[in-house]
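Please read the structure below before turning to the comments.
Treat the numbers as computed from the prediction; the structure is a model and nothing was measured.
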Amino acid sequence: QISWGTYSDSMGIHCNAHINNFVVKAMDAGNDTFLAALDFDMAFTRENVLPEALQANSLLSDFDAILNFEATMGMKMVLAGSDFASTGVANAKTSESHRVLEVALRDTMVTAYAAALEGQSDAHPPQAELREASYDIIKLALCLTTHVEG
């Protein structure tokens, strides 16, 4: 097991488990996933966790608590739209006309993420015939977020 890099710092809890630490893979990468994880410069294992990374509270009290924080308060909450943890992700305000779509997409992402954590099947598995259209949507999303500050 590897922690992505979660620790206490002067700003509170810094958590590297967030959506800015993924890269979109090339369409011809050859499998069903769209993303690859990156930014492991602060990652650590159970065997090399530093005492400084732990806190005297239940959120980061030991390595298992750190992994749980990354899974729930880090990645899951960021997918849901929260900026609770210091992850480097700043949420842009969505226009009211797009709010329902944002909530539906976030709900779908959180549901798929939770299923993957539990080893369950994806309720919306990738479909080969939609792969090219999916990449078109991903490219559009990347274009729309080019100027998001955060």
Side-chain angles (χ1 to χ4, degrees), residues 1-27 29-94 98-127 130-131 134-135 137-142 144-150:
Q1 292 179 317
I2 299 173
S3 165
W4 209 319
T6 296
Y7 53 88
S8 298
D9 63 16
S10 61
M11 296 177 63
I13 297 174
H14 179 86
C15 180
N16 254 4
H18 58 76
I19 57 179
N20 280 9
N21 284 337
F22 288 98
V23 63
V24 178
K25 297 177 354 184
M27 191 165 73
N31 61 33
D32 290 338
T33 62
F34 294 102
L35 304 175
L38 51 86
D39 194 10
F40 292 101
D41 61 327
M42 294 187 282
F44 52 88
T45 64
R46 182 181 306 275
E47 290 74 30
N48 62 14
V49 62
L50 298 173
E52 294 84 6
L54 306 176
Q55 279 189 327
N57 66 41
S58 61
L59 291 177
L60 301 180
S61 60
D62 59 27
F63 188 75
D64 291 324
I66 289 172
L67 293 181
N68 184 59
F69 186 93
E70 288 180 349
T72 57
M73 299 307 288
M75 187 64 72
K76 190 173 186 180
M77 293 299 287
V78 169
L79 287 171
S82 171
D83 55 6
F84 170 77
S86 172
T87 62
V89 176
N91 294 310
K93 185 164 177 69
T94 304
H98 292 80
R99 185 74 177 133
V100 172
L101 178 60
E102 178 192 14
V103 171
L105 288 172
R106 288 188 180 278
D107 185 57
T108 301
M109 290 187 297
V110 170
T111 300
Y113 175 74
L117 280 179
E118 298 296 322
Q120 299 172 355
S121 297
D122 188 350
H124 306 285
Q127 298 176 23
L130 297 177
R131 189 159 180 83
S134 297
Y135 266 94
I137 293 170
I138 290 169
K139 288 177 191 174
L140 177 60
L142 290 171
L144 291 173
T145 59
T146 299
H147 300 291
V148 174
E149 295 181 19

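The ring pair (Phe, Tyr, Trp, His ring centres under 6.0 Å) test with Trp4 is passed by exactly one of Phe69, Phe22, Phe44: Phe22.
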Derivation and outcome, side chain to side chain contact (heavy atoms under 4.5 Å, CB included), residues Thr6 and His14 | CA-CA 6 Å; Thr6 296; His14 179 86; over 6 Å; no
Just do the side chain to side chain contact (heavy atoms under 4.5 Å, CB included) check on Val110 and Lys76 with the steps written out, would you?
-> CA-CA 6 Å; Val110 170; Lys76 190 173 186 180; 3.8 Å; yes
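To the nearest 0.5 angstrom, Phe40 atom CZ is 8.0 Å from Asn21 atom CG. Taking CG of Leu67 as the start and CG of Asp62 as the end, the distance is 9.0 Å to the nearest 0.5 Å. For the atom pair CG of Leu38 and CG of Asn16, the computed distance is 10.0 Å after rounding to the nearest 0.5 Å. How far CG of Leu60 is from OG of Ser3: 9.0 Å, rounded to the nearest 0.5 Å.
Minimum interatomic distance between Ala43 and Ile2 (heavy atoms only, all atoms of both residues): CB-CG2, 3.8 Å. What you find for Phe63 and Gln1 is that their closest heavy atoms are CZ-O, 3.9 Å. Nearest heavy atom pair, residue Thr72 against residue Asn68, reads OG1-O, 2.7 Å. Across Ala26 and Tyr135, no two heavy atoms sit closer than the pair O-OH, 3.4 Å. Counting all heavy atoms, side chain and backbone alike, Val78 lies closest to Arg106 at O-NH1, 3.2 Å. Closest non-hydrogen pair, Gly5 versus Glu70, comes out as N-OE2, 3.1 Å.
Using a 4.5 Å cut-off on side-chain heavy atoms (C-beta onward), Val24 and Leu35 make contact. Residues Arg46 and Asp64 meet the side-chain proximity criterion, which asks for heavy atoms closer than 4.5 Å.
Without hydrogens or angle criteria, Asn48 side chain to Thr45 main chain gives a donor-acceptor distance under 3.5 Å.
Residues satisfying the salt bridge (Lys or Arg N to Asp or Glu O under 4.0 Å) criterion with Asp41, sequence neighbours excluded, are absent altogether. Under the salt bridge (Lys or Arg N to Asp or Glu O under 4.0 Å) criterion, Arg131 pairs with no residue, sequence neighbours left out.
Residue-environment remark: NZ (Lys25) exceeds the threshold of 12 foreign heavy atoms within 6.0 Å.
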For residues 111-119, tabulate all N or O donor-acceptor pairs below 3.5 Å that involve a side-chain atom, not counting sequence neighbours.
{"residue": "Thr111", "atom": "OG1", "partner": "Asp107", "partner atom": "O", "Å": "2.8"}
{"residue": "Tyr113", "atom": "OH", "partner": "Ala71", "partner atom": "O", "Å": "3.0"}

